[in-house]
Amino acid sequence: MQLLSFALRRLAISLPSLLIILVGVFGLLQLAPGDTVDALLAQMGGGDAKMIETLRQHYGVDTPAWIQLADYLVRLVHLDLGYSAIYGKPVADVIFERLPVTLLLMASSLTLASLGGVVLGVIASRYVHRWQDTLISTLGMLFYATPAFWLGLMAVVIFSIKLGWLPAGGFEEIGVEYSAWGRAADIAYHMVLPTITLSLIFLATYLRIMRASMLEVSTLDFVRTARAKGVDETSIVTRHILRNALLPLVTLIGLHAGTMLGGAVVVESVFTLPGLGRLAYESVVQRDLNTLLGIVFISALLVILVNFAVDLIYARLDPRIRGKGN
Amino acid sequence: MNLSRRTLLASVSAAALAGVLPKGVFAAESTPTKGGVLTVQLGAEQRILNPAIRASTSVFIVTGKIVEALVDLGEDGSIVPVLAESWEAAPDGKSVTFKLREGVTWHDGKPLTSADVQYNAMQLWKKYQNYGTQLQLYLDAVDTPDDRTAIFRYSRPMPLDLLLRAMVDLGYLVPRHLYEGTNPLDNPANTAPIGTGPFKFVEYQRGQYIIAERNPNYWRKDQPYVDRIAWRFITDKSAAAAAMETGAVQLSAYNQLSLADLDRLKKDPRFSVGTRGNEANPFNNTVEFNHRRKELADVRVRRAIAHAIDVEFFIENFLYGNGKVATGPIPSVSKAFYPGGTFPYPFDRKKAEALLDEAGYKRGADGNRFTLRLVPVQNAEDVPLFGTYIQQSLAEVGIKVDVVQLDNAGALATIYKEWNFDLATGWHQYRGDPAVSTTVWFRSGSPKGAPWTNQFGYKSEALDKLIDEAASEIDPVKRKALYAKFVQMVNEELPVWFATERLFTTAASVKLQNDNNTPRWPSSSWHDLYL
């Protein structure tokens, strides 16, 4: 019951921001010169005035912008995301086709980045200012400073073109019949490079945060107390320091859920994954307003959900927050 | 560096020469093998896979295998029959009779009849197809005296050579029984095409791939040879090059790879990279002038701008030598109309300065004569490069250029809907006959908003008259003479400048056989292709 009211309260706070985001994106796309018919004509290589008029009617862009916006919001209340101009089918269908790919990429990258970040951060903090720490910190800085698309392309050059170990792109093998497990394995095989590429940037951040917060927590009084009463070092690190040092990391993961959608655009393009990021990019280029607004809506929901989950984890890790939450 | 490029060029021209040799010499050596899967890279997803209402190379590269047209281009560039077996024009040029091939069936088993031709011409080409609406403007009716005869009736004489050459791209047939009574723009068959072609549509996974498989009932007996074709969407150009190199795709056409990667793959023995098979689709880098600007309304200023830009240098250093300086609005590969000659305003900075002085635009205290706004239509990687090159070249002669960077849709709207530009640059694509794609750039009276037409504020009654006359002249010899006159007048006035003349580059795995054997091969049906 407590949990439910907490969830509902969070949702209520999110609704106004969701509305602002949607109206803002709508306005931004209206400011961009050219509409979806111009984008279509660019792709087709021209057309005459009468045909263009027919197309404008077909795509419903011949009405004033505020009417289009009002229509959109009314439809949204009925949970109808509208029709996609590029794909000629309901936006909800288009998005739910793409969502699993992006979710898989995000979940696997976040998992890899946070696990790797925790392990490396802990090692770095245990060997602070020794060669292990220097090595890990340097590598971390290097990955943090490298753009994702370059990392991705280099990974493709080395592991796909030169060594031939991993596929250069795609979500799965085309036109091959697999069993359910075979298909899962095939998808996993295709996701190795994209996951590593997307996670490396975040891994660098996480390991630095972990290192810093481990060092900070290890100087606190309760650690000294634990040591004084003779708790062995492994228990101190895992049960006392690590648990407390995880708090800032968990906050960051919640914040990154949104950033990751942005990073996914680049990684999905480089590895030709049919995900939401690429769909969003395509919708902007093609001025497909309904699809773009749909993606923004779903992404916003996603970020709200992830942050909600983070709040719950937070409360689990730190009893003090549970108290305030009530 | 320079030297190596020259040797490279030499080897490329040697390869081009080899391509000129009769195909039979090589074809005799091997017999086609059946089977195999061909994977093709696509750079962008199309909204509609229906060539009867969307005429563009990126639609044809998929649908050209599934859906067929009445005619196509043969190896030597002449018109060859496909779904039409023969054709004949009436002496007055006002009707053209097509005889359809017998025993052709749609992929769903229904027979192809002249009623299909009638429906496509009257309801799809004439109403919805880009360029088709213009071509069939004077089409009054299509009569179908029997199942195999379709008679096109025009209210104005229609030159047979123009119609046939245009129909190679604009004459695709989709089944009437699936489209009749529906809105053709959202018919489900638009994304699951049914045709008569050598390959049958299987599956379209949005954002990922399209698959088509061998049509066992194809009317060309024992063809096609390939079992399956898969088209993969790879939008990122570097990723596309990587996919070629790992062998995940075997073909990338219409410059979907970056110019640098094409140049690199050219040296790789696993690929054949070249312009062969694209002779019917030449294109130009263009410079459009907004004649509403008083400076640009002066022909001397337009000529001065042409004199100020070293196009040869641009081709050599930015396009990796792929292309040549255009001599006029009709490209040299268009054998039926190309009048020869040279471009009258070669690179000459002194002359440019003299012309600008003469026109009364002297350099000011800051060295500038005037400032222009340049809008590039960024549908290709070389367009922004050419934009910057124009900017720097014109700075040398005292014209300051501000480049306005917009994406495709934005640039098109800015130039053609809002007329908010001084200079524009992009591509002109030649579609077989000047009357289809080229004269619209010069003919006045195009309604505001139609892209790639004369929205430049240029009007010459003499040129308009010539354009109209040439479009309805049924004697091919006279037509050619009229277009020679057209080229001469355009070169004199330079209302729009076609600066370069280029062909698309195709990168293909050397495993492909019988590839690039027609002048519009990437768009063609690939019925004789094997691996």
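Chain letters run A, B, ... following the sequence lines, proteins first and then strands; every chain starts at 1. Here the structure is a predicted model, which is why all the values come from computation and not from measurement. The figures here come from the full heavy-atom set of this structure, side chains too, leaving out hydrogens, waters and symmetry mates.
Interface remark: Q286(A) contributes backbone and side-chain atoms alike to the contact with chain B (heavy atom separation under 4.5 Å). Using a 4.5 Å cut-off between heavy atoms, L185(B) touches chain A through backbone and side chain atoms alike. For chain B, the nearby parts of L40(A) are the backbone and the side chain; heavy atoms of each come within less than 4.5 Å. With a 4.5 angstrom heavy-atom cutoff, R206(B) touches chain A via backbone and side-chain atoms both. Only the backbone of A55(B) comes within less than 4.5 Å of a heavy atom in chain A; its side chain stays farther off. With a threshold of 4.5 angstrom between heavy atoms, F233(B) approaches chain A through its backbone and through its side chain. Proximity to chain A is absent for every atom of N190(B), based on heavy atoms less than 4.5 angstrom apart. Proximity to chain A is absent for every atom of Q429(B), based on heavy atoms less than 4.5 angstrom apart. Residue contact with chain A, scored on non-hydrogen atoms closer than 4.5 Å, involves the side chain of T414(B) exclusively.
Taking both residues in full, the closest heavy atoms of G207(B) and P274(A) are given as O-CB, 3.9 Å, listed atom of the first, atom of the second, then distance. Looking at every heavy atom in both residues, M51(A) comes nearest to N130(B) through SD-N, 3.7 Å. The minimum heavy-atom distance between I52(A) and G449(B), with the atom names listed, is CD1-O, 3.7 Å. In terms of heavy-atom proximity, R287(A) sits nearest to G410(B) at NH2-N, 3.4 Å. The nearest pair of heavy atoms linking A413(B) to D38(A) is CB-OD2, 3.7 Å. Shown here for S269(A) and D236(B), the closest heavy-atom pair between the two residues is O-CB, 3.4 Å.
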- prompt: For T235(B) and R278(A), what are the C-alpha separation, side-chain angles and deciding distance, and is it a side-chain contact (heavy atoms from CB on, under 4.5 Å)?
  reply: CA-CA 9 Å; T235(B) 42; R278(A) 239 178 80 197; 3.8 Å; yes
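Applying a 4.5 Å heavy-atom cutoff, the residues of residues 84-105 of chain A that approach chain B are A85(A), I86(A), Y87(A), K89(A), E97(A), R98(A).
Your options are V156(A), V37(A), L153(A), T54(A), and the one with the most heavy-atom pairs under 4.5 Å with chain B is L153(A). Heavy-atom pairs under 4.5 Å with chain A peak, among V377(B), D186(B), T57(B), at D186(B). Your options are Q134(B), E245(B), Q46(B), and the one with the most heavy-atom pairs under 4.5 Å with chain A is Q46(B). Ranked by heavy-atom pairs under 4.5 Å with chain B, the list D35(A), T272(A), L55(A) is led by T272(A). Of the listed residues (S56(B), G247(B), A44(B), A248(B)), the one with the most heavy-atom contacts under 4.5 Å to chain A is S56(B).
A distance-only check finds a donor-acceptor pair linking the side chain of Q43(A) to the backbone of E45(B) [under 3.5 Å].
Taking the side chain as every heavy atom from C-beta outward, F171(A) and Q205(B) never approach each other to under 4.5 Å. Counting only heavy atoms from C-beta outward, the side chains of P167(A) and T246(B) never approach each other to under 4.5 Å.
Both tests pass for R47(B) against the ring of Y59(A): distance under 6.0 Å to the centre and angle within 45° of the axis.
By the 6.0 Å contact criterion, OH on Y204(B) is enclosed, its count of non-hydrogen atoms from other residues, nucleotides or ligands being greater than 12. For CZ of R75(A), the number of neighbouring non-hydrogen atoms (other residues, nucleotides, ligands) closer than 6.0 Å is greater than 12. Atom NZ of K448(B) is surrounded by more than 12 heavy atoms from other residues, nucleotides or ligands within 6.0 Å.
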